[in-house]
**Q** 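Let me give you the structure first, and then I'll get to my questions.
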Amino acid sequence: MCQDWGNDPDRYELGGTNRVVLEAAQTLFRTSAGGPARESGPEIGGGTARQSLEEAFALSDATHDPQVVWSWRITAADVAGYEILALDNRTRRGFDTRRASPANLTDQAMSEQIPEAPPAGSELTLVIAPLPPIGFPPLEQIGQPYLNLLHDHQKNPEHLEVTRRSNLPNLARDYMFGRLIKDPEPWGFHAHALEELFRRLSSRRCVVFLSGDVHYSLSGKMTYWKRGEVDGGMGLVPTTRFIQLTSSALQNETGAHEILLAHLGLAQQFGAVVTGTYDRLGWRSAGVGGPTLPSSEDLSPQLRRLLHHEPVIVPTRMLPPDVLASLRAGTLPVPPEWAWRLAQVKDLRLDEERYASVAVAADRPRSPAEAELAAARAAGYMAIARHHDWHARHGTPRRFLMYSSVCMAHVEVDQDGELALVHAMYSWDRGGSGPSGSPGGVIGTWPERHLSAAAYIQHRIPLDPRDEIPPDREAT
């Protein structure tokens, strides 16, 4: 309530939707006579502050009209050429079953919080989404299911074995989509909600998600296409550039061993492979009007399953060669209604620029060139090992960051006059005064004394979606 009060104070004035929360909170620990409550918690009974809050939060059979609203937006495009949408993806969730992962926004909540079109004159949409819509698949699709499996094995191995042998579909559902113990919150766990979010925002030219919560920082670049007229025919037309900026956490680092593992060069490269670049083709229906692929007998079992889920979301790289050829020739019986392509962004700057302020950068081992490695293979491998060892001790990865950090974003204009968003992730010199404030780069939390920080990771993302070839065409 206090945070939201600062976001939209008008709601808390007389007649505002959230006034009831402010008034009830002030009497929450007082008796009906006005004195302090003797019990440890609020009174239970008719007409109490507790009852008013439960009705306002839709936690009781009775309802308060209107229900309190935590989302907000600024759409004054006559003042500035942008809009800001702050989503409430906590209290407006939808649940298909008691165990399934939630939709972070129901369809009704989506329509209430995100207008179908931006205000006139708006050129940029900033979406404050506490949970990142564009997440990090290695953690969401591999790490979290593994942690769920490990937790159950440690707590009740007999139950796990019975479940595995008796009901494989339930096992896959429970461990691939998470449970409450491991925050089953990623948008990607609920395809309908994620695709509906993209669809509603695809009326904008550029959408920037500002998110946190997940205890790592990264940048994601996604291009979105819709079916429309292109070059005198029909095809996929670029509509939106989605940019995901995730900054987390300021203080709450993950464990030291997890950070060390995640920041290894091999782990970063694996994350880049799993995260993309990859395409997705979309159809709203799996039945009439859905995809009919010409060589269905040659489809993999996994692809067959995807064709029966709604919405139908199919990876382009899973298509057999003849189906891919039909897609690019425009001869698919039912072409995709939309498509998107996601890539994890990498810092492309030279190490000399990234570590210009690092105290021990002068001692950084140089990675051997290909010719040097061919001439003296054993010595070259040792040089590579020293290079990786230095980065593990003193460096910062190029893609995603798990140290305590502060992230800043700004817009730049390149030589051609095109706009790009720069996401700079500030962390500490691990070779001098590391994140813990002690020499030697010991992994720790936010320093207790003031230390300088630098943008050892910097990602640059063009704002215009026209810089990519759509999945239904082939590069020439």
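All values below come from the heavy atoms of this structure, side chains included, with hydrogens, waters and symmetry mates left out.
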**Q** Holding to ring pair (Phe, Tyr, Trp, His ring centres under 6.0 Å), I want the full list of residues that pass it with Y426, two or more places apart in sequence or in another chain.
**A**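 None.
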**Q** Check for a donor-acceptor pair, side chain of E418 on one end and backbone N or O of P462 on the other, with a separation under 3.5 Å.
**A**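 Pair absent, no side-chain N/O of E418 close to backbone of P462.
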**Q** Looking only at heavy atoms, what is the nearest atom pair of R227 and P335, with distance?
**A** CZ-CG, 3.2 Å
**Q** Hey, does I243 have a side-chain heavy atom less than 4.5 Å from the side chain of L463?
**A** yes
**Q** Give the minimum heavy-atom separation between R349 and A455, together with the two atoms involved.
**A**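 Looks like NH2-O, 2.9 Å.
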**Q** Can you establish whether the number of heavy atoms outside M1 located under 6.0 Å from its atom CE is more than 12?
**A** yes
**Q** Would you please name every residue forming a salt bridge (Lys or Arg N to Asp or Glu O under 4.0 Å) with D351, sequence neighbours left out?
**A**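 Once residues adjacent in sequence are excluded, the partners of D351 under the salt bridge (Lys or Arg N to Asp or Glu O under 4.0 Å) criterion are R354, R364, R398.
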**Q** When you compare the side chains of D4 and Y12, does any donor N or O come within less than 3.5 Å of an acceptor on the partner?
**A** yes
**Q** Counting neighbours of CD on E412 that are heavy atoms of other residues, nucleotides or ligands and sit closer than 6.0 Å, is the number greater than 12?
**A** yes
**Q** Are L281 and L319 side-chain neighbours, meaning at least one heavy-atom pair lies under 4.5 Å?
**A** yes
**Q** My understanding is that only residues two or more places apart in sequence, or in another chain, count here; which of them pass salt bridge (Lys or Arg N to Asp or Glu O under 4.0 Å) with E116?
**A**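 R199, R200.
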**Q** Which residues satisfy the side-chain contact (heavy atoms from CB on, under 4.5 Å) test with E337, sequence neighbours excluded?
**A** W283, R284
**Q** Can you measure from CD1 (I457) to CZ (F400) and round to the nearest 0.5 angstrom?
**A**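 Separation between the atoms: 9.0 Å.
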**Q** Please name all residues satisfying salt bridge (Lys or Arg N to Asp or Glu O under 4.0 Å) with D96, sequence neighbours left out, ordered by chain then number.
**A**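 Result, salt bridge (Lys or Arg N to Asp or Glu O under 4.0 Å) vs D96: none returned.
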**Q** Starting at NZ of K226, measure out to CZ of F198 and round the result to the nearest 0.5 Å.
**A**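 So the gap between those two atoms works out to 13.0 Å.
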**Q** Which pairs pass salt bridge (charged side-chain N to carboxylate O under 4.0 Å, His left out) with one or both residues in residues 103-112, sequence neighbours excluded?
**A** none
**Q** Given side-chain contact (heavy atoms from CB on, under 4.5 Å), test V406 with L250 step by step and report yes or no.
**A** CA-CA 6 Å; V406 178; L250 183 68; 3.5 Å; yes
**Q** Of all residues at least two apart in sequence or in a different chain, which pass the side-chain contact (heavy atoms from CB on, under 4.5 Å) check with S285?
**A** E310
**Q** Mind checking what makes side-chain hydrogen bond (donor to acceptor under 3.5 Å, both in side chains) contact with S219, not counting sequence neighbours?
**A** H423, H459
**Q** Determine yes or no for a side-chain-to-main-chain donor-acceptor pair under 3.5 angstrom, with R328 supplying the side chain and L324 the backbone.
**A** no
**Q** Check the angle between the aromatic planes of W390 and Y355 and answer parallel, tilted or perpendicular using the 30° and 60° thresholds.
**A**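 Taking Y355 first and then W390, their aromatic rings stand perpendicular (interplane angle over 60°).
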**Q** Is it the case that the side chain of S211 and the backbone of A129 share a donor-acceptor pair, with hydrogens and angles ignored and the cut-off at 3.5 Å?
**A** yes
**Q** Side-chain contact test, heavy atoms from C-beta onward, threshold under 4.5 Å: evaluate it for D467 versus K221 and give yes or no.
**A** yes
**Q** Taking side-chain hydrogen bond (donor to acceptor under 3.5 Å, both in side chains) as the definition, give me every residue that meets it alongside R386, ordered by chain and number, with sequence neighbours left out.
**A**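 Expected list: none.
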**Q** Would you say CD of E123 has more than 12 non-hydrogen atoms from neighbouring residues, nucleotides or ligands within 6.0 angstrom?
**A**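 12 or below, so no.
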**Q** Using a strict threshold of under 4.0 Å (side-chain N to carboxylate O), is an ion pair present between E185 and R90?
**A**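 Looking at R90 and E185, the cut-off is met.
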**Q** Does any N or O in the side chain of T240 come within less than 3.5 Å of the main-chain N or O of S202, such that one atom is a donor and the other an acceptor?
**A** yes
**Q** Look only at the side chain of D347 and the backbone of Q458, and say whether a donor-acceptor pair between them is shorter than 3.5 Å.
**A** yes
**Q** Any side-chain heavy-atom pair from V230 and W225 closer than 4.5 angstrom?
**A**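 When only atoms from C-beta onward are counted, W225 and V230 do not touch, as no gap falls below 4.5 Å.
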**Q** Could you tell me the separation between the CH2 atom of W72 and the CG atom of N7, rounded to the nearest 0.5 Å?
**A** 5.0 Å
**Q** Flag yes if more than 12 heavy atoms outside E352 fall under 6.0 Å of its CD atom; otherwise flag no.
**A** yes
**Q** Would you call the rings of Y224 and F242 parallel, tilted or perpendicular if under 30° counts as parallel and over 60° as perpendicular?
**A** perpendicular
**Q** Determine whether L131 and L87 make a side-chain contact, defined as any pair of heavy atoms from C-beta on separated by less than 4.5 Å.
**A** no
**Q** With no hydrogens and no angle check, is any side-chain donor or acceptor of D414 less than 3.5 Å from a backbone partner on D416?
**A**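 Flag set: sc D414 to bb D416 pair under 3.5 Å.
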**Q** Taking all atoms of both residues into account, what is the closest heavy-atom pair of P186 and N104, and its distance?
**A** C-ND2, 4.1 Å
**Q** Who pairs with H308 by side-chain hydrogen bond (donor to acceptor under 3.5 Å, both in side chains), at least two apart in sequence or on another chain?
**A**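 side-chain hydrogen bond (donor to acceptor under 3.5 Å, both in side chains) check on H308 returns nothing, list empty.
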**Q** In the structure I gave you, are the side-chain heavy atoms of R366 and E372 within less than 4.5 Å of one another anywhere?
**A**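 The answer is yes, as the side chains (C-beta and beyond) meet within the 4.5 Å cut-off.
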**Q** Between T316 and R280, do the side chains contain a donor N or O and an acceptor N or O under 3.5 Å apart?
**A** no
**Q** In Å, rounded to the nearest 0.5 Å, how long is the span from CZ of R473 to CG of D231?
**A**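 Rounded to the nearest 0.5 Å, the CZ-CG separation comes to 5.0 Å.
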**Q** Side chain of N18, backbone of V69: donor and acceptor closer than 3.5 Å?
**A**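 Yes: the side chain of N18 pairs with the backbone of V69.
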**Q** Any idea which heavy atoms bring L105 and A109 closest together, and the distance?
**A**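 So the two residues come closest at CD2-CB, 4.0 Å.
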**Q** When you look at T246 and F209, which way does the side-chain contact (heavy atoms from CB on, under 4.5 Å) test go after all the steps?
**A** CA-CA 8 Å; T246 301; F209 293 114; over 6 Å; no
**Q** Between S248 and D213, is any pair of side-chain heavy atoms under 4.5 Å apart?
**A** no
**Q** Check whether more than 12 heavy atoms from other residues, nucleotides or ligands sit under 6.0 Å from atom CE of M408, and answer yes or no.
**A**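 No.
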**Q** Working to the nearest 0.5 angstrom, can you tell me the gap between Q113 CD and R92 CZ?
**A**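 Rounded to the nearest 0.5 Å, the CD-CZ separation comes out at 7.0 Å.
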**Q** What's the shortest heavy-atom distance between P102 and F95, and which atoms?
**A**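 Scanning both residues, the minimum pair turns out to be CB-CE2, 3.4 Å.
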**Q** Would you call the rings of Y278 and W340 parallel, tilted or perpendicular if under 30° counts as parallel and over 60° as perpendicular?
**A** tilted
**Q** Taking salt bridge (Lys or Arg N to Asp or Glu O under 4.0 Å) as the test, write out the residues that go with R204, two or more places apart.
**A**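 Testing R204 for salt bridge (Lys or Arg N to Asp or Glu O under 4.0 Å), a comparison that skips the adjacent residues, returns E83.
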**Q** Nearest heavy-atom pair of D464 and R466: which atoms, and what distance?
**A** OD2-NH2, 2.8 Å
**Q** Any side-chain heavy atom of R241 sitting closer than 4.5 Å to one from M222?
**A** no
**Q** Quick one: pull up OG1 in T17 and CG in D10 and give me the separation to the nearest 0.5 Å.
**A** 10.0 Å
**Q** What do the steps show when you test L373 against Y381 for side-chain contact (heavy atoms from CB on, under 4.5 Å), and what is the final call?
**A** CA-CA 7 Å; L373 183 61; Y381 286 148; 4.0 Å; yes
**Q** Under the side-chain contact (heavy atoms from CB on, under 4.5 Å) criterion, do L245 and C407 qualify, and how do the steps go?
**A** CA-CA 9 Å; L245 304 185; C407 297; over 6 Å; no
**Q** Mind checking side-chain hydrogen bond (donor to acceptor under 3.5 Å, both in side chains) for S247 and listing every partner two or more places apart, or none if nothing turns up?
**A** none
